[in-house]
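Have a look at the structure below, then the notes.
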Amino acid sequence: MDFKNLINKIADNYIPTIKEMAAILELDEEKSQYLFRVADEVKKIYHGNYIHIRGIIEFSNYCRCLCKYCGLQADNNELIRYRMTPDEIVENTREAFEAGYKTIVLQSGEDMWYTREKISYIIRNIKKIGDIAITLSVGERDFDDYRQWKEDGADRFLIKQETADENLYNSLHPHSNFKNRIACLKELSRLGYQVGSGFMIGLPGQTTETIAKDIMLLGEIKAGMAGIGPFIPHKRTPLKEHPVGDGFMTLKAVALSRLLYKKMHLPVTTSLGVLSSEHKDIAFKVGANVIMQKVEPYKFRRLYEIYPKKIGDESTIKEERLRLEAYLKSLGLEIATDRGDAF
Ligand code: 5AD
C-alpha cells in the first residue's frame, strides 16, 4: 500500500499490522516528512500547541537491579551513591511547586531503604503543599506498596516496559523478568494510577518489528504516557561497546505512536536531548507534548548517571524553569498551565 494512504488511515483510527508499522518505521528521511507532518497535525488537534513541563527529583541512585544498559546497576562500584532524606524530598518539591511545577516525578533506583512507610510519609507531606500531581518511579515493588501509595495520594506511576521482546527483556534484566514487569504495569493501572511506560531504541537485536510491537504494547497496557528514547552506552555496564541508538528512528517511533494514541502524553526524552539537540527540537514537531526537567540539587544530578550526560552550570530551580519556558517559546510552543493528567 501507498505509505501516505496508510498514514492517513492510521490517523483515522485504523489499527495497522506489525508489518505495516515496520514499513513506516523504515521510511527514509524524505518520506518520513509526511509521517512527521500528520503526527504534528494530530498532536495539535488533541493537545493544541501546549507542552507540559514536569519536574523530576532523582532522589536516590542506590539500585538493587542489574539492568545491562544502566549506569546505576548494582555492580557499578565506581559510582558514589547518595540518598535524599524524606524531608529533603518534600522541601525540594515545595521549591519546585513554587517555581511553577504542577507535576513532580519522584524517581530512584530500586532502593529498599525507602520502605512503604517512608514513601507514604513523602506523599502525604507533598500533598499538604498544594495541588501537585505525584508520579512515582521507584521500580518493581510489592503490590501492597503500590496500593498503599495510591491511597496516600500518588497519582501516577512510571515504570517502563523497556522492550516488548520477552527474550531480550529477560536477557537485559537478569534480576527480574518481563512477566513481572507487565504484571506491575497492569496492577498499577488496575489500582487507578495513570501509568507511564516507554522503551529504548537501539537495544541489541532490536528490529523495526520489535519497535512496532513496543508501540502496540503501549496500547495493551493502557499507558497514559510513553517515553521513547535512544539507548546511550555507559562505560560501566555490560553494553558499553554497543552502539548508540538512532535519533531518526526514535523520532519515527514517537510520530507513529502519536498517530495511534492521540491523547497519550509523549515526552521528549532526556536521552534524545543528550544524543542531539536537533533531534530534541524536532521531537516537539512530530508528536511529543511533554518535557521533564531535573530539579534536585546539582551535587546529586551529577551522580544520577544512568548514561553519560553533561550537567549544565548551577542555577536556581526558578531560573532553570524560566530558561526552559523561553526555549520552548522560541520553538513556537506554549506552556501548559494545568496538571496534565492522562485521558
Ligand atoms: N540509555 C538510554 N536510556 C536508558 N535508560 C536506562 N539506561 C539507559 C541507557 N543506557 C532509560 C530506561 C529507564 C529510564 C530511567 O532510563 O528506559 O527506564
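Whatever order the structure lists them in is the order used to number ligands and atoms, beginning at 1.
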For F178, which residues count as a ring pair (Phe, Tyr, Trp, His ring centres under 6.0 Å) partner, sequence neighbours excluded?
Y169
Which pairs pass salt bridge (Lys or Arg N to Asp or Glu O under 4.0 Å) with one or both residues in residues 287-296, sequence neighbours excluded?
E58-K294
Holding to side-chain hydrogen bond (donor to acceptor under 3.5 Å, both in side chains), I want the full list of residues that pass it with D28, two or more places apart in sequence or in another chain.
none
Return the protein residues near ligand 1 (heavy atom under 4.0 Å from any of its atoms), ordered by chain and residue number.
Y69, C70, K160, E162, M200, P230, F231, I232, I306, Y307
Just say parallel, tilted or perpendicular for the rings of F157 and W149, cut-offs at 30° and 60°.
parallel
Apply side-chain contact (heavy atoms from CB on, under 4.5 Å) to R37 and V286, showing your working.
CA-CA 7 Å; R37 186 147 33 110; V286 306; over 6 Å; no
Which class fits the ring pair Y146 and F143: parallel under 30°, tilted 30 to 60°, perpendicular over 60°?
parallel
